2 protein chains.
Amino acid sequence: MTAPDTSGQLAEQLLRLTRRLHRAQKHYLDPVGITPAQSRLLRTVAHYDHPPRMADLAQRLEVVPRAVTTLVDALEAGGSVCRVPDPSNRRVIRIELTDEGRRILRKLREARRAAVEDVLAPLSAEQREQLGSLLDELMAGPGPAC
Amino acid sequence: MTAPDTSGQLAEQLLRLTRRLHRAQKHYLDPVGITPAQSRLLRTVAHYDHPPRMADLAQRLEVVPRAVTTLVDALEAGGSVCRVPDPSNRRVIRIELTDEGRRILRKLREARRAAVEDVLAPLSAEQREQLGSLLDELMAGPGPAC
DNA sequence: ATTCATTGTGAGCTTAGGTAACAGTGAGCT
DNA sequence: AGCTCACTGTTACCTAAGCTCACAATGAAT
């Protein structure tokens with residue numbers, strides 16, 4: 001208590017902040033009919049030039065492959081992506097964005113923007129910039145003990 | 001894609017960072033036999049001078065009261081806290097830290113410190129300071145639409 | 001006394017993730 | 001050819017953490 005423990009408090013703040021972010025995100029995503037994790041997956045899919053494999057997504061999301069399956073299930077049921085077997089290697093499945101998916105993505109970004117705005121409201125543009133570069137530096141590394 | 005969307009990326013980084021933090025935390029807490037949320041609750045209990053009520057904890061944790069019940073259940077089963085009925089108002093239950101609880105808290109802080117160290121390793125002391133003050137400012141407000 | 005607000009909890013659900021086992025496929029090797 | 005081994009995704013189950021809804025007990029106020 002009397003100890004400074006700055007790093008501990010830092011972690012506390014970080015986690016609290018993310019809790020709020022999660023909540024705001026969920027709130028804004030609700031009317032779109034998509035969960036935050038699905039949103040993240042969808043955005044990730046859109047980042048690729050060519051349709052990614054499940055394994056690619058799992059790695060990029062820092063998640064076990066099994067977790068991707070469920071998310072893709074939901075998104076496919078919602079019609080925003082579809083699974084396409086790769087002709088050159090019948091083990092892999094490519095995840096392709098549908099037109100509906102692209103439509104949803106637009107809504108998504110808007111919702112996300114609003115959520116972030118809610119949470120980051122107290123920060124000025126410069127402060128966000130600053131925070132951004134700190135996070136960039138922080139996430140640049142390979143991640144702890146991947 | 002071509003849009004900057006700095007805030008969006010900022011959120012992305014934040015969430016990724018917290019994901020790592022969660023994982024590291026869980027990893028270090030595992031041998032102590034306590035989950036991250038329980039850890040948070042325990043630390044929160046320790047912050048009070050007088051034993052807090054369930055409702056106090058819920059509010060401070062920014063969580064619905066029902067969520068606290070489960071956590072206290074687990075901690076009580078582990079012997080680190082105990083429920084004490086408040087004599088002056090028989091609706092309220094005070095959460096008291098036991099000696100075992102204090103013992104666990106020490107282990108906890110150590111584990112937490114290690115987890116944070118893992119994740120924040122790339123940052124210098126000054127950078128952490130900077131990050132800390134940004135987060136302080138960010139969390140100072142009443143929170144978005146409480 | 002009756003109504004209303006507070007306080008904690010039982011029951012049940014959802015999201016997000018994880019493990020373990022497994023089937024299908026490709027690749028390399030004698 | 002066969003035989004083994006690594007890779008890819010999925011089935012089946014488990015956990016953590018949180019939520020809503022309903023409710024019982026208690027206190028406060030009219």
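All chains are named by letter (A, B, ...) in the order of the sequence lines, taking the proteins before the strands, and each is independently numbered beginning at 1. Keep in mind it's a predicted model, so treat the numbers as computed, not measured.
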Item to complete: May I have the distance from H22(A) (atom NE2) to dA16(C) (atom P), rounded to whole angstrom?
Response: 8 Å
Fill in: Strand-adjacent residues in residues 71-81 of chain A, judged by heavy atoms under 4.0 Å from DNA chain C
none
Discussion item. Given dT10(D), dA16(C), dA17(D), identify the nucleotide with an atom nearest to the side chain of P36(A).
Written reply: dA16(C)
Item to complete: Treating Ile, Leu, Val, Met, Phe, Trp and Tyr as nodes and any side-chain heavy-atom pair under 4.5 angstrom as an edge, say whether L138(A) and L14(A) lie in one connected cluster.
Response: yes
Worksheet item: What one-letter contact string describes nucleotides 19-30 of chain D from 5' to 3', where B marks a base within less than 4.0 Å of any protein heavy atom, S marks contact via sugar-phosphate atoms alone, and - marks no contact?
Response: SB-----BS---
Discussion item. Classify R83(A) by what it touches in the nucleic acid, base, sugar-phosphate, or nothing, heavy-atom distance under 4.0 Å.
Written reply: sugar-phosphate
Fill in: Partners meeting salt bridge (charged side-chain N to carboxylate O under 4.0 Å, His left out) with D30(B) (sequence neighbours left out)
none
Worksheet entry | Set of side-chain contact (heavy atoms from CB on, under 4.5 Å) partners for E129(A), sequence neighbours left out | none
Practice prompt. Under 4.0 Å between any heavy atoms, over every strand shown, what does R19(B) touch: base, sugar-phosphate, or nothing? Just pick one.
Written response: sugar-phosphate
Discussion item. With a 4.0 Å limit, can you tell me whether T35(B) has a side-chain N or O closer than that to the phosphate oxygens OP1/OP2 of dA17(D)?
Written reply: yes
Worksheet item: Can you name the residues that form a salt bridge (charged side-chain N to carboxylate O under 4.0 Å, His left out) with R128(A), not counting sequence neighbours?
Response: E117(A)
Worksheet item: Does T69(A) place a side-chain N or O at less than 4.0 Å from the phosphate oxygens OP1/OP2 of dT10(D)?
Response: yes
Worksheet item: Any side-chain heavy atom of D118(B) within less than 4.5 Å of one from L21(B)?
Response: no
Worksheet, complete the sentence: Applied to residues 75-84 of chain A, the salt bridge (Lys or Arg N to Asp or Glu O under 4.0 Å) test, sequence neighbours excluded, yields D73(A)-R83(A), E76(A)-R83(A)
Discussion item. Which is more 5' along DNA chain C, the nucleotide nearest D56(B) or the one nearest Q38(A)? Just name the residue.
Written reply: D56(B)
Worksheet entry | Check: R40(A)/T44(A) side-chain N/O donor and acceptor closer than 3.5 Å | no
Item to complete: Tell me the partner of dT30(C), counting only Watson-Crick (N1-N3 plus N6-O4 or O6-N4) or G-U wobble (N1-O2 and O6-N3) with both under 3.5 Å; none if nothing fits.
Response: dA1(D)
